[in-house]
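In what follows, a single structure is set out as structure tokens and then discussed.
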Protein chains: 2
Amino acid sequence: MSPNWIEQFQGLASLDASIKSLMTQKSNIISYAKNSVIFGSGKAPDHFLLLLEGTVRVQQLSEAGREIVLYRVHAGQSCVLTTACLLAYEDYAAEGIAESEVKAMALPRVVFNQLIAQSDEFRRFVFSAYSRRMTDLFAVIEDIAFQRMDIRLAQKLLELVDEDAQIKSTHQKMAAELGSAREVISRLLQEFQRRNWIAQSRGTIKLLNRGEIKKLATTNS
Amino acid sequence: MSPNWIEQFQGLASLDASIKSLMTQKSNIISYAKNSVIFGSGKAPDHFLLLLEGTVRVQQLSEAGREIVLYRVHAGQSCVLTTACLLAYEDYAAEGIAESEVKAMALPRVVFNQLIAQSDEFRRFVFSAYSRRMTDLFAVIEDIAFQRMDIRLAQKLLELVDEDAQIKSTHQKMAAELGSAREVISRLLQEFQRRNWIAQSRGTIKLLNRGEIKKLATTNS
DNA sequence: CGCATTTTAGTAACAATGTCACAGAAGAAT
DNA sequence: ATTCTTCTGTGACATTGTTACTAAAATGCG
């Protein structure tokens with residue numbers, strides 16, 4: 001890894017050169033295969049993770065086997081839940097899954113502590129990351145509690161759509177994104193299809209009228 | 001305040017004497033009147049708060065004016081959201097309300113930073129507090145998304161009941177606790193009443209059969 | 001005190017979402 | 001081609017949320 005990977009991270013770029021070199025020297029790259037579990041269900045890495053490539057999906061599992069996606073960690077962001085595991089020795093109901101091949105810089109706990117102690121800047125970076133995730137969780141709570149499902153689904157479609165205007169996902173997975181039931185999602189997607197907003201085929205949803213979907217997604221918010 | 005207020009806080013008791021004296025000297029007591037807003041809607045205190053007496057209710061407001069209670073900060077705990085405001089300069093959709101007369105030790109930002117830098121112990125205390133709240137939020141999300149309302153209501157009744165087996169709250173406030181609607185709560189409470197689990201009068205709910213309520217509250221969990 | 005006002009609770013009809021129990025269709029595997 | 005698995009569609013029904021009211025209980029005031 002080139003030593004200037006740090007520059008990718010907003011909030012770390014302005015660190016002292018000495019701090020930067022400490023980070024670069026004491027860290028190493030970890031790779032995770034697609035769909036591998038990065039933390040959760042007992043296992044937690046003992047490093048502070050800074051994501052270089054790929055995406056980590058953080059999701060909650062209920063005992064009944066239902067799921068809901070909490071947020072995603074993208075390249076250039078840190079994974080605060082691993083930090084939490086690292087420092088607080090708590091275990092979580094949440095788990096982190098590599099959504100694609102993931103590469104991350106891993107800082108050993110000792111180095112992490114050293115940085116926190118030495119650098120005001122690094123400290124701010126870490127706390128900001130925490131705050132950001134808290135905010136994400138607040139948004140999730142507000143959505144689940146108060147937002148209509150058709151609006152949430154429209155938002156999710158826009159969030160997950162790829163460059164070909166498609167979403168490669170089953171109804172079941174979309175339901176897990178929103179913490180809903182498959183039948184509910186099928187019903188709503190069928191209504192969207194009836195309005196010619198989308199076209200469906202097994203495992204993929206194609207957006208035909210992004211304008212109308214966006215209009216629904218932004219009603220009352 | 002006697003200088004050994006620190007001992008109230010699990011996780012701070014084992015700090016070095018020098019650190020403790022720093023804390024005691026540089027902090028001062030802040031009081032909040034019942035129902036005053038401690039943070040939220042633009043205002044944030046510029047101090048790290050350690051609660052000595054009283055309870056702070058942290059809740060989320062939606063634009064539509066609906067509410068949901070996220071968690072409560074009790075005496076002996078710290079208020080991490082103010083920390084977050086302090087360090088990350090983000091503003092939140094959440095707000096903290098003094099549920100009773102509240103007394104707290106307030107550490108100025110500079111001292112907070114100093115402590116984080118100097119003390120491994122203090123650092124762990126702060127990160128633990130963050131983790132704890134994250135866990136609380138996960139629990140809230142799981143409840144809202146997957147749990148039946150009658151079960152959640154039963155749990156809430158047991159959580160809020162006082163030493164006289166009563167809850168002093170209106171249906172509206174109970175609905176806000178659970179992020180539901182007043183009518184829904186009225187309906188459920190009426191059913192509980194029909195089963196002789198509770199007695200109701202304007203503004204108070206009395207628990208008559210805690211056993212059955214607990215049985216419901218612990219179904220499938 | 002009696003009367004108006006405000007707050008709290010009850011009700012019914014309906015809409016939205018979740019659950020259950022299936023059936024059928026599309027791919028995958030053999 | 002046939003079986004098997006996964007994905008989607010469907011209808012009936014239960015739960016929760018919404019709307020639009022009414023009624024009852026506390027509060028305040030002349």
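What's counted below: heavy atoms across the whole structure, side chains too, no hydrogens, waters or symmetry copies. Per chain, numbering begins at 1; letters A, B, ... match sequence-line order. Everything numeric here is computed off the predicted structure, so don't read it as measured data.
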* To do: Could you state the atom-to-atom distance from CD of B:Glu183 to P of D:dT22 in whole Å?
  => 15 Å

* To do: Please work out if B:Arg148 contacts a base, only the sugar-phosphate, or nothing of the nucleic acid, heavy-atom cut-off 4.0 Å.
  => sugar-phosphate

* Asked: How about A:Gln10: does its CD atom have over 12 heavy atoms from other parts shown lying under 6.0 Å from it?
  -> no

* Asked: To the nearest Å, how far apart are A:Glu191 CD and D:dG9 P?
  -> 13 Å

* Counting only distance, no hydrogens or angles, is the base of D:dG11 paired donor-acceptor with the side chain of A:Arg187 under 3.5 Å? -> no

* Please state whether the base of C:dG18 and the side chain of A:Arg66 form at least one donor-acceptor pair under 3.5 Å? => no

* Structure fact -> In whole angstroms, the gap separating C1' of D:dG17 from CG of A:Asp150 amounts to 14 Å

* To do: Looking at every strand, decide which applies to B:Gln190 at a 4.0 Å heavy-atom threshold: base, sugar-phosphate, or nothing.
  => sugar-phosphate

* Rounded to the nearest Å, what distance is computed from the NZ atom of residue A:Lys173 to the P atom of nucleotide D:dT6? -> 12 Å

* Structure fact -> Between CD of A:Gln200 and C1' of D:dT10 the distance, given in whole Å, is 14 Å

* **D:dG9 phosphate, OP1 or OP2, under 4.0 Å from A:His171 side-chain N/O** => yes

* So, B:Glu142 and B:Gln147: side-chain donor and acceptor under 3.5 Å apart, yes or no? -> no

* Structure fact -> Assert: residue with more 5' nearest nucleotide on DNA chain D, out of B:Arg182 and B:Leu188, is B:Leu188

* Pick the nucleotide of DNA chain D nearest each of B:Met149 and A:Ser169; which residue has the one closer to the 5' end? -> A:Ser169

* Asked: Between B:Ser201 and B:Thr204, is any side-chain donor less than 3.5 angstrom from a side-chain acceptor?
  -> yes

* **B:Ile151 CD1 - D:dT15 P separation (whole Å)** => 11 Å

* Asked: Rounded to whole angstrom units, what separation is found between the CG atom of A:Leu189 and the C1' atom of D:dC7?
  -> 13 Å

* When you measure from the side chain of A:Ala181, which nucleotide among D:dG9, C:dT19, D:dT18 comes out closest? -> C:dT19

* Quick one: do the B:His171 and B:Glu183 side chains pair a donor with an acceptor below 3.5 Å? -> no

* Asked: If you measure only the distance, is there a donor-acceptor pair under 3.5 Å linking the side chains of B:Gln59 and B:Arg72?
  -> no

* If only side-chain N and O atoms of B:Ser180 are considered, is one of them under 4.0 Å from the OP1 or OP2 phosphate oxygen of D:dT16? -> no

